[in-house]
Amino acid sequence: MLYYGERNEPRRYLMLDLKLMQKDPDVVRESLAKRGSTIDVQEFLDLDERRKALIAEVETLKAERNAVGPEIARRKKAREDASDLLAKMGEVSERVKTLDAELAEVEAAEREWVMSVPNIPHASVPLGASEEDNPVLRYWGEKPALDFAPKEHWELGTALGGLDFECAAKLAGSRFSISYGWCARLERALAQLMLDTQTSVNGYTEVIPPFIVNRRTMTGTGQLPKFEEDLFKLEGTDYFLIPTAEVPLTNVYSGEVIDEALLPVKFCAQTPCFRSEAGSYGKDTKGLIRQHQFYKVEMVNFAHPEKSYDALEAMTASAEKILQLLNIHYRVIELCTGDMGFSAAKTYDIEVWLPGQDQYREISSCSNCEDFQARRADIRFQPADSKKKQFVHTLNGSGLAVGRCLVAVMENYQQADGSIVIPDALKPYMGGLEVVPAK
RNA sequence: GGAGAGGUGUCCGAGUACGGCUUAAGGAGCACGCCUGGAAAGCGUGUUUGGGGGGAACUCCAACGGAGGUUCAAAUCCUCUCCUCUCCGCCA
């Protein structure tokens, strides 16, 4: 196992293939345009030209210095005068120092530029500017036929004594919740069902990772350096609370070479997720939909590059499986170029039907990041038939967001009298409770 | 939190008291070749990564946990820092 210093960058910090940038910057330009980004490619090309010029000069000087070194040593040993060489090399070293400093600046600027460029969308991703342009791929099940006006989950949860947002606000603030009794147990039951299904049925290995990680780890999956304001940072340290288990799970193999025979590696974990939700003021202020802290069962795959898109379909199916077991209506949409996340090359969202809110809400997001994160985090595999190590493809998906799934169960299984029926799939986990009785 | 030990290539492991002749001895592993009916053993050759230049053969620069400093020159000296291990303290 290798250990890196905090400020050490991965050897391959370029998540975009640098060669691609140099050879065919238009591909990157086009990709950025599709995403609606304003990043300027020319800026990078200028930096790279400057970098090469500096390298050429400084390396010539260093070669000279290295060549003269032994002669200085020889003369000193022979007690001959070396002052002319010392003076000359003093000047050379001074110049080297200046150039090295400048080179470091240029490289830092280049790195910053590269690290802020989002992944290139897969060719199949539909063009679009915003979520309005995301096509629906398929529907599963049907909306429940309710012969009464359905309530929203916070109303149900509060009325049945399961949720108390006022108390949570007292303890912490807005965007927090506290749950009791049947509601707390129901959330635990959902997480159990998800973990059991992903491990026993879908072949994932269960993991309990750290919920707090360092800067390097956050950078590996793309949360940093661009999105620091979305994270909770522990004051006085360089630690961050994870916004998703994707971060620790994907970075398990950072800096490592995976044996090809082990691929695909499939991890899942239930963790709390912490998000500052900066910039979402006024959105979803009520209920459990948008919280600073929530549980999520996350799936992460390390896949062979040739199989990553099959893996994406399989992962999405694994997430869908949970809602099928719960028998809750949902649809699957594909994110368009303008709506995709920073690290993703292709993303499917699963949107669950919420009768109380009378709309579909995102409950899972499954993405293939291709080698974008693998480059940043330096995750490679050793192909059996070649000496050259290759970057793996990484995928991540929610399987599912537990809090939002709790919302879905409450709203879809509510009865006219205000009670909530426990779905069959959850009964084994509920200690005999079949209905949350109305009060 | 206190005291100590340590971090070198795929792995093990020298080198650090006296800075240059060590990108790095030695061993293991691995690859190829010879040998063999075949294999083992043996012998020979090769075996890090990133970057610059070149059509190529090739060549130059950098890297001994990380960052910085001293010096003409640092694995080696100095400072800070990260990580691992041992003992003590505290603790679910």
Side-chain angles (χ1 to χ4, degrees), chain A residues 1-23 44-45 47-111 114 208 210-220 234 236-240 251-262 371 374-391:
Chain A
M1 179 74 89
L2 292 170
Y3 296 100
Y4 294 89
E6 274 298 292
R7 280 183 290 168
N8 183 27
E9 298 287 345
R11 278 170 297 162
R12 296 158 200 79
Y13 58 80
L14 304 180
M15 77 302 187
L16 280 171
D17 193 337
L18 189 64
K19 301 278 190 300
L20 172 76
M21 271 299 299
Q22 290 162 344
K23 218 166 43 185
F44 173 84
L45 296 176
L47 281 169
D48 204 48
E49 199 173 310
R50 179 82 189 117
R51 176 178 137 260
K52 285 184 181 172
L54 284 167
I55 285 175
E57 189 178 353
V58 78
E59 287 195 350
T60 306
L61 291 173
K62 283 183 180 172
E64 186 186 350
R65 190 174 71 182
N66 289 344
V68 172
E71 173 62 12
I72 293 177
R74 191 196 63 77
R75 285 199 200 172
K76 287 215 162 186
K77 214 170 181 182
R79 299 190 164 199
E80 291 172 23
D81 179 42
S83 57
D84 57 327
L85 291 179
L86 288 181
K88 186 140 184 278
M89 288 307 102
E91 282 171 33
V92 168
S93 283
E94 203 51 43
R95 180 75 182 140
V96 164
K97 211 170 181 178
T98 309
L99 289 174
D100 265 342
E102 197 177 334
L103 183 60
E105 263 176 54
V106 170
E107 285 187 334
E110 206 170 358
R111 184 180 304 117
V114 163
I208 302 178
F211 304 154
I212 300 172
V213 297
N214 58 31
R215 179 171 293 274
R216 178 189 158 75
T217 298
M218 281 294 182
T219 306
L234 298 187
T237 72
D238 213 24
Y239 285 140
F240 298 87
N251 281 286
V252 162
Y253 284 111
S254 67
E256 309 269 338
V257 179
I258 307 175
D259 189 351
E260 186 178 25
L262 288 175
D371 62 2
R375 284 176 193 283
R376 297 171 74 111
D378 192 18
I379 307 169
R380 291 172 297 164
F381 71 99
Q382 177 70 65
D385 58 355
S386 135
K387 288 214 161 162
K388 196 101 175 127
K389 299 176 179 79
Q390 283 183 48
F391 289 111

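Naming convention: chains lettered A, B, ... in sequence-line order (proteins, then strands); numbering from 1 in each chain.
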Chemist: Rounded to whole angstroms, how far apart are CD on A:Glu107 and C1' on B:A67?
Modeler: 16 Å
Chemist: Can you check the distance between B:G1 and B:C11, where both ends of the measurement are the P atom (answer in whole Å)?
Modeler: 31 Å
Chemist: How would you summarise protein contacts on nucleotides 54-64 of chain B per nucleotide, using B for base, S for sugar-phosphate only and - for none, with heavy-atom distances below 4.0 Å?
Modeler: ------BBS--
Chemist: When you compare the side chain of A:Arg375 with that of A:Val114, does any pair of heavy atoms fall below 4.5 Å?
Modeler: no
Chemist: Does B:A63 adopt a syn or an anti glycosidic conformation, taking syn as a chi angle within 90° of 0?
Modeler: anti
Chemist: For A:Leu61 and B:G52, give me the distance from atom CG to atom C1', rounded to whole Å.
Modeler: 14 Å
Chemist: Would you tell me if any nitrogen or oxygen in the side chain of A:Arg75 comes within less than 4.0 Å of OP1 or OP2 on B:C72?
Modeler: no
Chemist: Rounded to the nearest 0.5 Å, what separates atom CG in A:Leu103 from atom CD in A:Glu110?
Modeler: 9.0 Å
Chemist: Listing time: all N or O pairs from protein to nucleotides 16-21 of chain B that are below 3.5 Å?
Modeler:
none

Chemist: Among all residues two or more places apart in sequence or in another chain, which pass the side-chain contact (heavy atoms from CB on, under 4.5 Å) test with A:Leu234?
Modeler: A:Ile212, A:Thr237, A:Tyr239, A:Leu241
Chemist: Atom CG of A:Leu54 and atom C1' of B:G53: how far apart are they, to the nearest Å?
Modeler: 16 Å
Chemist: So if I take residues 96-106 of chain A and measure heavy-atom distances to RNA chain B, which residues fall below 4.0 Å?
Modeler: A:Lys97
Chemist: What's the shortest heavy-atom distance between A:Gly220 and A:Asn251, and which atoms?
Modeler: CA-OD1, 3.8 Å
Chemist: Mind checking salt bridge (charged side-chain N to carboxylate O under 4.0 Å, His left out) for A:Glu91 and listing every partner two or more places apart, or none if nothing turns up?
Modeler: none
Chemist: Sequence neighbours left out, what passes salt bridge (charged side-chain N to carboxylate O under 4.0 Å, His left out) with A:Glu102? Give chain and number order.
Modeler: A:Arg50
Chemist: Residues two or more places apart in sequence or in another chain: which of them pass salt bridge (charged side-chain N to carboxylate O under 4.0 Å, His left out) with A:Glu105?
Modeler: none
Chemist: I'd like to check the salt bridge (charged side-chain N to carboxylate O under 4.0 Å, His left out) partners of A:Arg65; sequence neighbours left out, ordered by chain and number.
Modeler: none
Chemist: Could you measure between the two C1' atoms, the one in B:U8 and the one in B:U22, and give it in whole Å?
Modeler: 12 Å
Chemist: Grab the CZ-P distance between A:Arg215 and B:C82 for me, whole Å please.
Modeler: 15 Å
Chemist: To the nearest angstrom, how far is A:Arg216 atom CZ from B:U81 atom C1'?
Modeler: 16 Å
Chemist: Salt-bridge test for A:Lys97 and A:Glu94: reply yes if a basic N is under 4.0 Å from a carboxylate O, no otherwise.
Modeler: no
Chemist: Is it the case that atom CD in A:Glu49 sees more than 12 heavy atoms from other parts of the structure closer than 6.0 Å?
Modeler: no
Chemist: Quick one: side-chain contact (heavy atoms from CB on, under 4.5 Å) partners of A:Ile72, sequence neighbours excluded?
Modeler: A:Val68, A:Lys76, A:Leu85, A:Leu86, A:Met89
Chemist: Between A:Arg75 and A:Asp81, is any pair of side-chain heavy atoms under 4.5 Å apart?
Modeler: no
Chemist: Work out how far the C1' atom of B:U71 is from that of B:C78, and round it to whole angstrom.
Modeler: 12 Å
Chemist: In whole angstrom, give me the gap between the C1' atoms of B:A74 and B:U23.
Modeler: 14 Å
Chemist: For nucleotides B:C64 and B:C21, find the distance between their P atoms and express it as a whole number of Å.
Modeler: 15 Å
Chemist: Provide, to the nearest angstrom, the distance between the CD atom belonging to A:Glu91 and the P atom belonging to B:A73.
Modeler: 13 Å
Chemist: Quick one: the dot-bracket string of RNA chain B, using Watson-Crick and G-U wobble pairs with both distances under 3.5 Å, [ ] for crossing pairs and | for bases paired to another strand.
Modeler: ((((((((.[[[..)....(.....]]]((((((.......))))))((((((....)))))).[[[[[..)....]]]]])))))))....
Chemist: Kindly list each side-chain donor-acceptor pair under 3.5 angstrom involving residues 53-61 of chain A, sequence neighbours excluded, with atom names and distances?
Modeler:
| from | atom 1 | to | atom 2 | distance (Å) |
| --- | --- | --- | --- | --- |
| A:Glu57 | OE2 | A:Arg95 | NE | 3.4 |
| A:Glu57 | OE2 | A:Arg95 | NH2 | 2.9 |
| A:Thr60 | OG1 | A:Ala56 | O | 2.7 |

Chemist: Under the rule for side chain to side chain donor-acceptor pair (under 3.5 Å), what residues qualify as partners of A:Asp100, not counting sequence neighbours?
Modeler: A:Lys62
Chemist: Of A:Met89 and A:Ile55, whose nearest nucleotide on RNA chain B comes first from the 5' end?
Modeler: A:Ile55
Chemist: When rounded to the nearest Å, what value does the distance between C1' atoms of B:U76 and B:G2 take?
Modeler: 30 Å
Chemist: How far does the C1' atom of B:G44 sit from the matching atom of B:C60, given to the nearest Å?
Modeler: 30 Å
Chemist: Work out how far the P atom of B:A75 is from that of B:G69, and round it to whole angstrom.
Modeler: 15 Å
Chemist: Start with the C-alpha gap between A:Lys88 and A:Asp84, add the side-chain angles, then the distance that decides, and say whether side-chain contact (heavy atoms from CB on, under 4.5 Å) holds.
Modeler: CA-CA 6 Å; A:Lys88 186 140 184 278; A:Asp84 57 327; over 6 Å; no
